[in-house]
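Residue numbers start from 1 in every chain, and the chains themselves are labelled A, B, ... in the order their sequence lines are given, proteins ahead of strands. Side chains are part of it too, since the values below use all heavy atoms of this structure and drop only hydrogens, waters and symmetry mates.
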Number of protein chains: 2
Amino acid sequence: MAKGRYHHGDLRSALLDAAEALVRERGTDGWSLREASARVGVSPSAAYHHFASRDTLVRALSERTLAWLGERLRQDCEHASGQGDDPQRRLIALGRSYVSWSLDDPAVARLVLRGGATAPDSAISPHPHDVLTAELDRLADAGALPEPAREGAEFVLWAALHGLAVLLADGLVRFDDPRAVELQTERVVRTTLNGLAQEASHAAGRPAGRSAHTERLARRSRG
Amino acid sequence: MAKGRYHHGDLRSALLDAAEALVRERGTDGWSLREASARVGVSPSAAYHHFASRDTLVRALSERTLAWLGERLRQDCEHASGQGDDPQRRLIALGRSYVSWSLDDPAVARLVLRGGATAPDSAISPHPHDVLTAELDRLADAGALPEPAREGAEFVLWAALHGLAVLLADGLVRFDDPRAVELQTERVVRTTLNGLAQEASHAAGRPAGRSAHTERLARRSRG
DNA sequence: CTCCAATCTGAACAGTGTTGAGATGCCTGG
DNA sequence: CCAGGCATCTCAACACTGTTCAGATTGGAG
């Protein structure tokens, strides 16, 4: 629609769509703002009425995708919860969803997962990290994660999952069989959770996780 | 040296140095080949006698740094091995070195850790991944890692460490206290190793890690 | 000392992000 | 129904980019 019309209608999201397609085709930097504009059928400068710069467009795409991913993770957790509401099963589903996405759409994942592209004041909802945190809470509530191990546990599991996703998206590690990716992901989640659960028994005598207080980047308070 | 001379002497590594400094100042893309050339005191086209393109220069810098990092990791393992040659202590040292580097030099780390910048046929030696693998072998030899858990364990630990390093370099996670980073890194290594060691007892009945056969990207056979 | 091959320069090309002055046409208020 | 405001878009231009190539320069081999 809006073919040949002077006013486009929804240029902003049309540009985001074009940018997403271009990222998929040629990566984050393999295309120009001018090309995205041309693809939408609009002059290069038109984009500047919706985005302050090319970089802003890319960031906006990153945020849009991140929110989409958060929703996807949440849904996949819910869907996996089918029988018995096993929190560990839900976390494995989350991990599989996260990792398989980064493998199926590596170019977009490379863009999104290096969060430098995410504005600090953007309110992404639901943020993938928040989904993971909520699932860990669920695990702790179910008694499968001792209280001392719960503190900061999200950073351990997040690091492991994020690391696997990034390694795959960047092509630093490859699995011959797609099924192997699922197994590896499952193993990473299981191993990490096992390690976390066992932490309490080893913790006596060392500073414990409490002093490793961490904070996520501020993502609150939309401008 | 070579000030004002027509022939520079060692332009290739001078360009790499300039590129490294520029990456540190303004990130991977915040500078131009022309600026790097100018900084070295040479015309823009001179660079093309040493690098096929800007991208090639960046990749070369990435490889140089990766090899440097591998050497650093190896040395830090050796250094930590002081008393008793405890393999776990060595792995913790490796993790701390890896992570603290990515936090101390985040711009360069961002460039290096996303291996897309690494040519597939480059022979990086010693490659950080190989160092980690060797240390896990050492752990297994010491009997601290059951045989079935050893298989593919490097991908679990690598994912966790790499994930933490990347999250920090990208600023997706921040710790208020530098000491907290060390503790968190130690926790990630310990937790992962604990989880791995405990794997055998849980493994009965599931496919186990054997079918999750993995392979690193080919980095052998220099052109 | 001469000449070659490696090295570097200078000028040029197409394409980039970005800007500002002006054209266009949707929508609101009369 | 129609005037006109205003967001939206176009056009032309700027400085700058990566890259190429014909030619100038020079260290070192014969």
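- Remark: E71(B) engages no residue in a salt bridge (charged side-chain N to carboxylate O under 4.0 Å, His left out) (not counting sequence neighbours).
- Atom CZ in F51(A) sits about 14 Å away from atom P in dG17(C), given to the nearest Å.
- Here the nucleotide nearest the side chain of S32(A), chosen from dT16(C), dT10(D), dC8(C), is dT16(C).
- Side-chain contact check for T65(B) and S62(B): no donor-acceptor pair (N or O, by modelled atom type) lies under 3.5 Å.
- When the side-chain nitrogen and oxygen atoms of H50(A) are compared with OP1 and OP2 of dA7(D), none of them lie within a distance under 4.0 Å.
- Heavy atoms of S43(B) sit under 4.0 angstrom from at least one base atom.
- For D10(B) and dT7(C), the CG to C1' distance is 13 Å, given to the nearest whole Å.
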Please list each protein N or O that sits under 3.5 Å from an N or O in nucleotides 19-26 of chain D, with the distance.
unit_1: dT19(D); atom_1: OP2; unit_2: Y48(B); atom_2: OH; d: 2.7
unit_1: dT19(D); atom_1: OP2; unit_2: R54(B); atom_2: N; d: 2.8
unit_1: dT19(D); atom_1: O5'; unit_2: Y48(B); atom_2: OH; d: 3.1
unit_1: dT19(D); atom_1: O4; unit_2: R34(B); atom_2: NH1; d: 3.4
unit_1: dA24(D); atom_1: N3; unit_2: Y6(B); atom_2: OH; d: 3.0

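- W31(B) places its CH2 atom 17 Å from the C1' atom of dT16(C), with the value rounded to the nearest Å.
- R24(A) meets the salt bridge (charged side-chain N to carboxylate O under 4.0 Å, His left out) test with E20(A), D105(A); sequence neighbours excluded.
- At whole-Å resolution of the value, CZ in R26(A) and C1' in dG15(C) are 13 Å apart.
- Residues satisfying the side chain to side chain donor-acceptor pair (under 3.5 Å) test with R74(A), not counting sequence neighbours, are none.
- Atom pair L15(A):CG and dT8(D):P shows a separation of 13 Å (rounding to whole Å applied).
- In this structure D10(B) satisfies the salt bridge (charged side-chain N to carboxylate O under 4.0 Å, His left out) test with no other residue, sequence neighbours excluded.
- Within the structure, salt bridge (charged side-chain N to carboxylate O under 4.0 Å, His left out) pairs that include any residue of residues 41-53 of chain B do not occur (at least two apart or interchain).
- Rounding to whole angstrom units, CG of residue D29(A) and P of dT16(C) are separated by 13 Å.
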